[in-house]
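Here's the structure we're looking at; comments come further down.
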Amino acid sequence: MDALLTKTKERVAAPTKQKISGSEALLRCLVEEQVDTIFGYPGGAIMPVYDALYHFSDQLNHILVRHEQGAIHAAQGFARVSGRPGIVFATSGPGATNLVTGLADALIDSTPLVCITGQVFAHLLGTDAFQETDVINTTIPVTKWNVQVTEAKDIADAVAKAFHIAVTGRPGPVLIDITKNAQNELFDFQEYKKCKDIRTYKPRPTLELSQVKAAAELINNAKRPYILAGQGVLLSGGSNELVAFSEKTGIPVASTLLGLSAFPTDHPNYVGFLGMHGNYGPNINTNECDVLIAIGMRFDDRVTGNVTKYAKQAKVIHIEIDRAEINKIIKADVAVNADAKEVLVELTKQVQPGQYKEWIDSFRKLNQEEYDKVIHHEFNSTGEIKMGEVINHLSNQTKGEAILVTDVGQHQMTASRYYQFKNPRTNVTSGGAGTMGFALPAAMGAKLALPKQEVVAVIGDGGYQMTVQELGTIMQYKIPVKIIVLNNSFLGMVRQWQQLFHEKRYSFTEMINPDFIKLAEAYSIPARKVVDRGDLQEGLREMLEAKTPFFLEVVVGKEDNVFPMVPAGAGVGEVILEIPKGK
């Protein structure tokens, strides 16, 4: 793998004019965009591109996944940790439609991707030809932009626009569908020109200083101000600016799920994780603050709970690059429609130094109550191993510096609560879409993007089996990603809801699982199973010290629950710390 990842890429300087195929032109464009890694799966309609790729192996590393969904989730992991767009190749028909879940996930989570799909010959469009699907209309709802190219001469412009749109403003996935005749066609290739501007697309709003001044006035007069940090802080590269703003003002900071790692968890102003399974203090005090400063977040329902009960007492400052998100769910008293980092720089200049010791102490007291009722039990349990203690030991052993990639479910919420993120872009998870099967391929992509970083995937036994075939990719490319499956033989989050809200009718949530150790060994991946608490720390240590991929199965309590929890329909101030009596 090292040789694969550390190749020196010699960029091809395209001649001013040269007759080449559309496929070769596509690859030259990718090289000019400094692409070095592609995740894909070949097929008939994209075969000319793969034929051309054969001659670009010294410049473009292609990772052959085992399923197109694996390709797009791997590209998401690559993009989330690197900030560069992830690149995906897929063929027509089912190859293209297998990308739809990942496109939807990337769109709602603002992940930049450039997906290239092959398509049938242009003269066959609309005839229901073999493996023809209307990819453009299928993917319009789940892409930031898409286009179909039917002539080779249009490929370069399409690629340039795609990269510009994917990474600017609020990032997102784009898709280029290229017919087979356009891939084969020879044409006079002009020098590739990167796109810097599109007349009808203005992705970066102009910062209005009057908005910043209005926000600063609210903050300077606040008694209990409160910062909610979202992923927009990370996407703007504004983590340091957020720290500087909080340190100057003394304002406490809580994080959304995708905002985790934007602010160091060991900072004295950090008060915890927001949301349905977030920390007690951050949820309760949302309804106690007088100024709520939302930065790069969209007031997702998992953060707000019942919006009719959300922060009614507070003046709301919403800093957000996507104008469509402002006033969509929570009305802003001051809306700052601009890049988060740019706003934080200007806002820090205008706010007054301050400190809010009593206000921050109120978070500490509430979180201590959570510790006494929930966390102490998670970390100091007897009997079956708890998910929380696994994550706590993992966090301690990695010092909070690993890239943590989580799937969707109880393990995701537990990892988000207990992993102590120290550095930006080290939390990779499926937020808005909640896509089971995300973590294993996303961890591969993250490791390929940053091979020197420790990457650990934490997955439930349900989600793991949705993309388990990507163990074959890990085996083939010797990707030294670390995999932890927390096995409770249940679809745990659904089971928890069935217990709390459906009178323990566990309808089709219990799972009979395969021998995960034998499965890992079948892919030549070293593996270990932990059943006894006494073996947990050593198992984690063995996994982290491995120079190869490593699979660790930890058997955890079958009917354990994740608390705190904001029940469905409740407000954030109605968060519960334990199972209500009678449940």
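Note that the numbering runs from 1 along the sequence shown for the chain.
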Between Asn306 and Thr308, does any side-chain donor sit less than 3.5 Å from a side-chain acceptor?
-> yes
Give a yes or no on whether the backbone of Val554 and the side-chain of Asn487 come within a donor-acceptor separation of less than 3.5 Å.
-> no
Could you note down all residue pairs passing salt bridge (charged side-chain N to carboxylate O under 4.0 Å, His left out) where residues 427-445 supplies at least one of them, sequence neighbours left out?
-> none
Considering only heavy atoms from C-beta outward, does the side chain of Val566 approach that of Glu574 to under 4.5 Å?
-> no
What do the steps show when you test Asp266 against Gln420 for side-chain hydrogen bond (donor to acceptor under 3.5 Å, both in side chains), and what is the final call?
-> CA-CA 7 Å; Asp266 58 355; Gln420 301 300 309; over 6 Å; no
Could you tell me if the ring centre of Phe363 sits under 6.0 Å from that of Tyr226?
-> yes
Do Arg495 and Asn488 meet the criterion of a side-chain donor-acceptor pair at a distance under 3.5 Å?
-> no
Heavy-atom side-chain contact between Leu394 and Met543 under 4.5 Å | yes
Among side-chain atoms of Glu470 and Thr473, is any donor-acceptor pair under 3.5 angstrom?
-> yes
Give the ring-plane orientation class for Phe551 versus Phe516, where under 30° counts as parallel, over 60° as perpendicular and anything between as tilted.
-> tilted
The complete set of salt bridge (charged side-chain N to carboxylate O under 4.0 Å, His left out) pairs with one or both residues in residues 410-420, sequence neighbours excluded, reads Glu370-Arg417
Glu401 side chain to Ser395 backbone, donor-acceptor under 3.5 Å = no
Electrostatic pair Arg170-Glu320, nearest N-O below 4.0 angstrom = no
Do Thr406 side-chain atoms and Gln412 backbone N/O form a donor-acceptor pair below 3.5 Å?
-> no
Flag, side chain of Thr91 to backbone of Pro42, donor-acceptor distance under 3.5 Å | no
Please report the C-alpha distance between Asn98 and Gln69 in whole Å, then the side-chain angles of each, then the deciding distance to 0.1 Å, and finally whether the side-chain hydrogen bond (donor to acceptor under 3.5 Å, both in side chains) criterion is met.
-> CA-CA 6 Å; Asn98 281 342; Gln69 186 177 353; over 6 Å; no
Please walk me through it: do Thr509 and Gln498 pass side-chain hydrogen bond (donor to acceptor under 3.5 Å, both in side chains)?
-> CA-CA 9 Å; Thr509 46; Gln498 288 173 336; 2.9 Å; yes
Among pairs that include at least one residue of residues 437-458, which meet ring pair (Phe, Tyr, Trp, His ring centres under 6.0 Å), considering only residues two or more places apart or in two chains?
-> His73-Phe438
Kindly say whether Ile165 contributes a backbone atom to a donor-acceptor pair with the side chain of Lys144 at under 3.5 angstrom?
-> yes
Does a donor on one side chain sit under 3.5 Å from an acceptor on the other, for Asn61 and Thr37?
-> no
With rounding to the nearest 0.5 Å, note down the distance linking CG in Asn423 to OG in Ser261.
-> 8.5 Å
Does Ile483 reach the side chain of Leu440, with side-chain heavy atoms less than 4.5 Å apart?
-> yes
Considering only heavy atoms from C-beta outward, does the side chain of Leu26 approach that of Val159 to under 4.5 Å?
-> yes
Between atom CZ of Phe550 and atom CD1 of Ile484, what is the distance when rounded to the nearest 0.5 Å?
-> 10.0 Å
Could you tell me whether the side chain of Met565 reaches within less than 4.5 Å of the side chain of Leu500, counting heavy atoms only?
-> yes
Under-4.0 Å salt bridge between Arg302 and Asp300 = no
State, with a plain yes or no, whether a side-chain heavy atom of Val405 is found less than 4.5 Å away from one of Ile403.
-> yes
Is it true that the side chains of Ser236 and Asp339 contain a donor and an acceptor less than 3.5 Å apart?
-> no
Return yes if some donor-acceptor pair links the side-chain N/O of Thr97 with the main-chain N/O of Pro94 below 3.5 Å, else return no.
-> yes
Between atom OG1 of Thr414 and atom CD1 of Ile391, what is the distance when rounded to the nearest 0.5 Å?
-> 7.0 Å
Taken to the nearest 0.5 Å, the spacing of Ile295 CD1 from Glu241 CD works out to 11.0 Å
Does a salt bridge link Arg84 with Asp36, judged by any charged N lying under 4.0 Å from a carboxylate O?
-> yes
Any donor-acceptor pair under 3.5 Å from Asn283 side chain to Gly275 backbone = yes
Determine whether Thr168 and Pro112 make a side-chain contact, defined as any pair of heavy atoms from C-beta on separated by less than 4.5 Å.
-> no
Please determine which of Leu99, Val100, Leu103 meets the side-chain contact (heavy atoms from CB on, under 4.5 Å) test together with Thr138.
-> Val100
Is the centre of the Phe39 ring less than 6.0 Å from the centre of the His62 ring?
-> no
Using atom types as modelled and distance alone, determine if a side-chain donor or acceptor of Asp407 lies under 3.5 Å from a backbone N or O of Ala439.
-> yes
Check for a donor-acceptor pair, side chain of Asn269 on one end and backbone N or O of Val253 on the other, with a separation under 3.5 Å.
-> no
Where the side chain of His318 meets the backbone of Met297, is there a donor-acceptor pair that is under 3.5 Å apart?
-> yes
Salt bridge flag under 4.0 Å for residues Arg298 and Asp322 | no
Heavy-atom check, side chain of Asn146 versus side chain of Ile140, under 4.5 Å = yes
Checking Asn392, Thr265, Thr398 against Tyr419 for side-chain hydrogen bond (donor to acceptor under 3.5 Å, both in side chains), the one that qualifies is Thr398
Glu32 and Lys194: CA distance, side-chain angles, deciding distance, salt bridge (Lys or Arg N to Asp or Glu O under 4.0 Å) verdict | CA-CA 8 Å; Glu32 289 296 321; Lys194 293 185 180 182; over 6 Å; no
